[in-house]
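Report on the structure given below.
Please read these numbers as outputs of a predicted model, since none were measured by experiment.
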Amino acid sequence: MVDQNNGTNNDDWRQASEQVRDRAVEQRRRSERLADQLSRESLQQAQRAVEGLLSIPTAIALGVASTTLYAASIFERGFETVNVTVEALRSGIEQSTRELQRAADEPRLRGESRPS
(Lines give C-alpha, C1' and ligand atoms only; values in the text may rest on other atoms or scores of the structure.)
Protein backbone atom coordinates (compact mmCIF):
# COMPACT_ATOMS: atom_id res chain seq x y z
CA MET A 1 0.00 0.00 0.00
CA VAL A 2 2.85 2.29 0.65
CA ASP A 3 4.01 1.71 -2.91
CA GLN A 4 0.61 2.71 -4.36
CA ASN A 5 0.51 5.89 -2.34
CA ASN A 6 4.08 6.63 -3.29
CA GLY A 7 3.22 6.12 -6.98
CA THR A 8 0.21 8.37 -6.69
CA ASN A 9 2.27 10.95 -4.88
CA ASN A 10 4.89 10.75 -7.64
CA ASP A 11 2.22 11.20 -10.32
CA ASP A 12 0.77 14.17 -8.44
CA TRP A 13 4.22 15.58 -7.96
CA ARG A 14 5.00 15.13 -11.70
CA GLN A 15 1.72 16.75 -12.65
CA ALA A 16 2.30 19.64 -10.30
CA SER A 17 5.86 19.99 -11.55
CA GLU A 18 4.68 20.07 -15.18
CA GLN A 19 2.07 22.69 -14.34
CA VAL A 20 4.68 24.86 -12.62
CA ARG A 21 7.03 24.39 -15.57
CA ASP A 22 4.23 25.22 -18.06
CA ARG A 23 3.34 28.34 -16.10
CA ALA A 24 6.99 29.34 -15.94
CA VAL A 25 7.36 28.82 -19.70
CA GLU A 26 4.22 30.87 -20.36
CA GLN A 27 5.42 33.60 -17.99
CA ARG A 28 8.81 33.64 -19.76
CA ARG A 29 7.08 33.93 -23.15
CA ARG A 30 4.92 36.81 -21.89
CA SER A 31 8.02 38.49 -20.50
CA GLU A 32 9.81 38.07 -23.83
CA ARG A 33 6.85 39.56 -25.73
CA LEU A 34 6.65 42.45 -23.29
CA ALA A 35 10.41 43.01 -23.53
CA ASP A 36 10.14 42.99 -27.33
CA GLN A 37 7.27 45.52 -27.23
CA LEU A 38 9.16 47.75 -24.81
CA SER A 39 12.28 47.53 -26.96
CA ARG A 40 10.35 48.59 -30.07
CA GLU A 41 8.65 51.41 -28.18
CA SER A 42 12.00 52.54 -26.83
CA LEU A 43 13.45 52.64 -30.35
CA GLN A 44 10.44 54.61 -31.60
CA GLN A 45 10.78 57.10 -28.75
CA ALA A 46 14.51 57.46 -29.41
CA GLN A 47 13.78 58.03 -33.10
CA ARG A 48 11.20 60.70 -32.24
CA ALA A 49 13.67 62.37 -29.90
CA VAL A 50 16.36 62.44 -32.58
CA GLU A 51 13.86 63.74 -35.14
CA GLY A 52 12.81 66.40 -32.66
CA LEU A 53 16.39 67.43 -32.02
CA LEU A 54 17.06 67.58 -35.74
CA SER A 55 13.86 69.47 -36.43
CA ILE A 56 14.78 72.34 -34.09
CA PRO A 57 17.77 73.53 -36.18
CA THR A 58 15.78 72.88 -39.34
CA ALA A 59 12.89 74.99 -38.07
CA ILE A 60 15.29 77.76 -37.06
CA ALA A 61 17.01 77.66 -40.45
CA LEU A 62 13.67 77.76 -42.27
CA GLY A 63 12.54 80.68 -40.13
CA VAL A 64 15.73 82.62 -40.85
CA ALA A 65 15.47 81.80 -44.56
CA SER A 66 11.85 82.95 -44.76
CA THR A 67 12.64 86.15 -42.87
CA THR A 68 15.59 86.84 -45.17
CA LEU A 69 13.49 86.22 -48.27
CA TYR A 70 10.73 88.43 -46.90
CA ALA A 71 13.22 91.24 -46.24
CA ALA A 72 14.73 90.77 -49.72
CA SER A 73 11.28 91.00 -51.30
CA ILE A 74 10.61 94.24 -49.41
CA PHE A 75 13.93 95.67 -50.66
CA GLU A 76 13.15 94.51 -54.20
CA ARG A 77 9.75 96.15 -54.00
CA GLY A 78 11.45 99.38 -52.85
CA PHE A 79 13.96 99.20 -55.70
CA GLU A 80 11.13 98.61 -58.17
CA THR A 81 9.33 101.68 -56.83
CA VAL A 82 12.49 103.77 -57.07
CA ASN A 83 13.17 102.46 -60.58
CA VAL A 84 9.64 103.29 -61.76
CA THR A 85 9.89 106.77 -60.21
CA VAL A 86 13.30 107.45 -61.75
CA GLU A 87 12.08 106.22 -65.14
CA ALA A 88 9.03 108.49 -64.90
CA LEU A 89 11.28 111.44 -63.97
CA ARG A 90 13.69 110.67 -66.82
CA SER A 91 10.82 110.44 -69.27
CA GLY A 92 9.36 113.74 -68.00
CA ILE A 93 12.75 115.48 -68.17
CA GLU A 94 13.34 114.20 -71.72
CA GLN A 95 9.90 115.40 -72.78
CA SER A 96 10.47 118.81 -71.16
CA THR A 97 13.89 119.06 -72.79
CA ARG A 98 12.42 118.25 -76.22
CA GLU A 99 9.68 120.84 -75.71
CA LEU A 100 12.21 123.48 -74.63
CA GLN A 101 14.45 122.61 -77.57
CA ARG A 102 11.50 122.82 -79.96
CA ALA A 103 10.47 126.17 -78.48
CA ALA A 104 14.03 127.44 -78.78
CA ASP A 105 14.36 126.22 -82.37
CA GLU A 106 10.97 127.54 -83.48
CA PRO A 107 11.99 131.26 -83.78
CA ARG A 108 15.13 130.25 -85.75
CA LEU A 109 13.04 128.24 -88.16
CA ARG A 110 10.91 131.31 -88.84
CA GLY A 111 14.00 133.42 -89.25
CA GLU A 112 13.58 135.34 -86.07
CA SER A 113 16.33 135.91 -83.61
CA ARG A 114 16.08 134.79 -80.06
CA PRO A 115 15.35 137.47 -77.54
CA SER A 116 18.30 138.17 -75.31
Side-chain angles (χ1 to χ4, degrees):
M1 224 178 200
V2 173
D3 287 333
Q4 280 182 339
N5 280 341
N6 195 13
T8 304
N9 284 340
N10 281 341
D11 286 342
D12 289 343
W13 185 83
R14 237 181 265 127
Q15 231 177 7
S17 177
E18 286 176 8
Q19 286 176 352
V20 168
R21 189 185 72 223
D22 289 345
R23 278 190 236 139
V25 167
E26 182 58 34
Q27 181 64 35
R28 178 185 51 81
R29 287 181 182 155
R30 270 190 253 135
S31 295
E32 286 175 356
R33 284 192 301 267
L34 181 60
D36 187 52
Q37 282 178 327
L38 290 174
S39 175
R40 276 187 265 132
E41 182 66 27
S42 172
L43 287 173
Q44 288 174 349
Q45 292 299 325
Q47 183 180 6
R48 287 183 187 135
V50 169
E51 288 172 354
L53 289 176
L54 293 176
S55 68
I56 291 171
T58 303
I60 291 170
L62 289 174
V64 169
S66 68
T67 302
T68 303
L69 286 174
Y70 186 68
S73 70
I74 290 172
F75 284 123
E76 286 177 356
R77 179 73 170 202
F79 286 130
E80 287 174 9
T81 303
V82 168
N83 192 25
V84 167
T85 304
V86 168
E87 185 60 33
L89 286 172
R90 185 191 62 78
S91 178
I93 290 171
E94 283 181 350
Q95 184 176 359
S96 295
T97 304
R98 279 193 301 267
E99 289 174 4
L100 286 173
Q101 187 66 37
R102 207 175 305 128
D105 287 343
E106 202 172 285
R108 277 189 257 154
L109 291 175
R110 284 185 279 168
E112 300 173 5
S113 64
R114 278 197 311 182
S116 314

Leu34: hydrophobic cluster co-members (side-chain, 4.5 Å)
Leu38
Could you work out, with side chain to side chain donor-acceptor pair (under 3.5 Å) as the rule, every residue matching Arg28, not counting sequence neighbours?
Glu32
Taken to the nearest 0.5 Å, the spacing of Ile56 CD1 from Glu51 CD works out to 12.5 Å
Who pairs with Gln15 by side chain to side chain donor-acceptor pair (under 3.5 Å), at least two apart in sequence or on another chain?
none
Could you work out, with side-chain contact (heavy atoms from CB on, under 4.5 Å) as the rule, every residue matching Glu94, not counting sequence neighbours?
Arg90, Arg98
Of all residues at least two apart in sequence or in a different chain, which pass the side-chain contact (heavy atoms from CB on, under 4.5 Å) check with Leu69?
none
Would you list the pairs meeting side-chain hydrogen bond (donor to acceptor under 3.5 Å, both in side chains) in which at least one residue belongs to residues 55-68, sequence neighbours left out?
none
For Asp22, all residues meeting side chain to side chain donor-acceptor pair (under 3.5 Å), sequence neighbours excluded:
none
When the side chains of residues 71-84 are checked against the rest of the protein, which donor-acceptor pairs come out under 3.5 Å, sequence neighbours left out?
unit_1: Ser73; atom_1: OG; unit_2: Tyr70; atom_2: O; d: 2.7
unit_1: Thr81; atom_1: OG1; unit_2: Arg77; atom_2: O; d: 2.9

Set of side chain to side chain donor-acceptor pair (under 3.5 Å) partners for Glu41, sequence neighbours left out
Gln45
When rounded to the nearest 0.5 angstrom, what distance separates OG in Ser17 from CG in Asn10?
11.5 Å
Other members of the hydrophobic cluster containing Leu54, with the 4.5 Å side-chain heavy-atom rule, please.
Val50
What residues form a side-chain contact (heavy atoms from CB on, under 4.5 Å) with Gln27, not counting sequence neighbours?
Arg30, Ser31
Approximate separation, where rounding is to 0.5 Å, of Gln44 CD and Ser39 OG:
10.0 Å
Could you go through the salt bridge (Lys or Arg N to Asp or Glu O under 4.0 Å) check for Arg14 and Asp11 one step at a time?
CA-CA 5 Å; Arg14 237 181 265 127; Asp11 286 342; 3.0 Å; yes
Rounded to the nearest 0.5 Å, the CD atom of Gln101 sits from the OG1 atom of Thr97 at a distance of 8.5 Å
List the residues meeting salt bridge (charged side-chain N to carboxylate O under 4.0 Å, His left out) with Arg48, not counting sequence neighbours, and say none if there are none.
none
